[in-house]
There are 2 protein chains.
Amino acid sequence: MSDECRVETALEILVGKWKPVILFQLFSNGTMRFSELQKAIPDITKKMLTSQLRELEYHDIVHRKIYQQIPPKVEYSITEYGIGMTPVLQTMNDWGMAHVEHLNELYGEVREVESFEVKDELVGK
Amino acid sequence: MSDECRVETALEILVGKWKPVILFQLFSNGTMRFSELQKAIPDITKKMLTSQLRELEYHDIVHRKIYQQIPPKVEYSITEYGIGMTPVLQTMNDWGMAHVEHLNELYGEVREVESFEVKDELVGK
DNA sequence: GTACTAGGTATCATTTTGTATACTATGTTT
DNA sequence: AAACATAGTATACAAAATGATACCTAGTAC
């Protein structure tokens, strides 16, 4: 029996409040500028977007291409190596879908947080 | 990737400083008492062990069997449903192993962690 | 009647993550 | 010469996760 566990290594790449959604965007759209990512993920701050992208870059999952021009232009994309994460993400996603079902069976339907929104005008009335 | 992203759902089960190692222990050893888990994971506090186990129990990954006796005896094990996580853990572990190699190529030797393996009896249950 | 056992809770301190907001750089446009 | 554009940094703060330590329970052995 091997006593080596690298689940945590894979986890390391994915953990962080915004990493899955960043990866989702880049996998879906190919190349994106910093500002496009910001638009696609409205609630993220520049600081978080930057830090999460840098971590992904460190792990060679995301490539950062700088155009030397003013105003600046920086494009992000999944590296060729990063594409190799697809099976991991796919497997996790598939299991996750099934698991949401399973939780529903166990505990009943749970409302999606984001689907519930109160219009500003109504708040406090 | 699909347009519904449940990677985060899968992450939810795995995230937490101690969850991977707890799962590793239970997958490897089958049934374990609370105190056995503590012995196997020396640095974990009772509080963390309890809270992580409760979360895994909520997700129906871990089963908690209480023996009504004094002093107390409580046994933990992977549920039948939990066994279904094996492909996820296996995929993450495999990719993680390769990724450690990749990081070594990029930055030189750095790390040592544990790896993940499922007890034979549990496979295909 | 005291100590021991196992599997926890309760409380508070510390560390890690994430948020909010302001600031920077610099060539181009007005 | 002021404003604009983009991709960030810097600083301060708040919230969440984790850690340290003490305490609880109730039978049983001494």
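So that the names make sense, note that chain A is the first sequence line, chain B the second, and so on, each numbered from 1.
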Problem set entry | Pairs where residues 13-42 of chain A contributes a residue and the test salt bridge (Lys or Arg N to Asp or Glu O under 4.0 Å) is met, not counting sequence neighbours | A/K19-A/E55

Problem set entry | Angle by which the axis turns from one end of the helix from C/dG1-D/dC30 to C/dT30-D/dA1 to the other, five pairs per end, to 10 degrees | 30°

Exercise. Which of residues 64-72 of chain A have a heavy atom under 4.0 Å from DNA chain D?
Worked result: A/R64, A/P71, A/P72

Exercise. Would you call B/L37 and B/L26 a side-chain contact if the rule is heavy atoms closer than 4.5 Å?
Worked result: yes

For this session: May I have the distance from A/M32 (atom CE) to D/dA7 (atom P), rounded to whole angstrom?
Result: 12 Å

Exercise. Roughly, in whole Å, what's the span from CD in A/Q38 to C1' in D/dA5?
Worked result: 13 Å

For this session: Scan residues 93-108 of chain A for pairs that pass salt bridge (Lys or Arg N to Asp or Glu O under 4.0 Å), counting only residues two or more places apart or in two chains.
Result: none

Problem set entry | N/O (side chain, A/R33) to phosphate O (OP1/OP2, D/dA7) under 4.0 Å | yes

Exercise. With sequence neighbours excluded, what pairs up with A/V21 under the side-chain contact (heavy atoms from CB on, under 4.5 Å) test?
Worked result: A/W18, A/I41

For this session: Can you sort out the partners of B/S51 under side-chain contact (heavy atoms from CB on, under 4.5 Å), two or more places apart, ordered by chain and number?
Result: B/M48

Exercise. Counting only non-hydrogen atoms, which of residues 44-57 of chain B are less than 4.0 Å from DNA chain C?
Worked result: B/K46, B/K47, B/T50, B/R54

For this session: Sequence neighbours left out, what passes side-chain contact (heavy atoms from CB on, under 4.5 Å) with A/A98? Give chain and number order.
Result: none

Exercise. How would you list all residue pairs meeting side chain to side chain donor-acceptor pair (under 3.5 Å) that involve residues 68-79 of chain B, not counting sequence neighbours?
Worked result: B/R64-B/Y76, B/Y67-B/E75

For this session: For B/H59, enumerate each residue passing the ring-ring contact (aromatic ring centres under 6.0 Å, His included) test, keeping only those at least two apart in sequence or located in another chain.
Result: A/H99

Problem set entry | Reported CD1-to-CD distance for the pair B/I22 and B/Q25, which is rounded to 0.5 angstrom | 9.5 Å

Problem set entry | Nearest-Å distance for atom pair NZ/C1', residues B/K17 and D/dA16 | 15 Å

Seminar exercise, completed: With a 4.0 Å cut-off (strictly under) to non-hydrogen atoms of chain A, the first and last hit nts on DNA chain C, 5' to 3', are C/dG18 to C/dG27

Exercise. Going from CE on A/M85 to CD1 on A/I13, what distance comes out if it is rounded to the nearest 0.5 angstrom?
Worked result: 5.5 Å

Problem set entry | Interatomic distance where CD belongs to B/E12 and P belongs to D/dA16 [whole Å] | 15 Å

Exercise. What distance do B/N93 atom CG and B/T86 atom OG1 have between them, rounded to the nearest 0.5 Å?
Worked result: 11.5 Å

Exercise. Between atom CD in A/E36 and atom P in D/dA5, what is the gap in whole Å?
Worked result: 16 Å

Exercise. Honestly curious: do A/L56 and A/I83 fall in one hydrophobic cluster under the side-chain, below-4.5 Å linking rule?
Worked result: yes

Exercise. Taking all non-hydrogen atoms of both residues, which atom of B/P20 and which atom of B/L14 are closest, and how far apart?
Worked result: CD-O, 3.5 Å

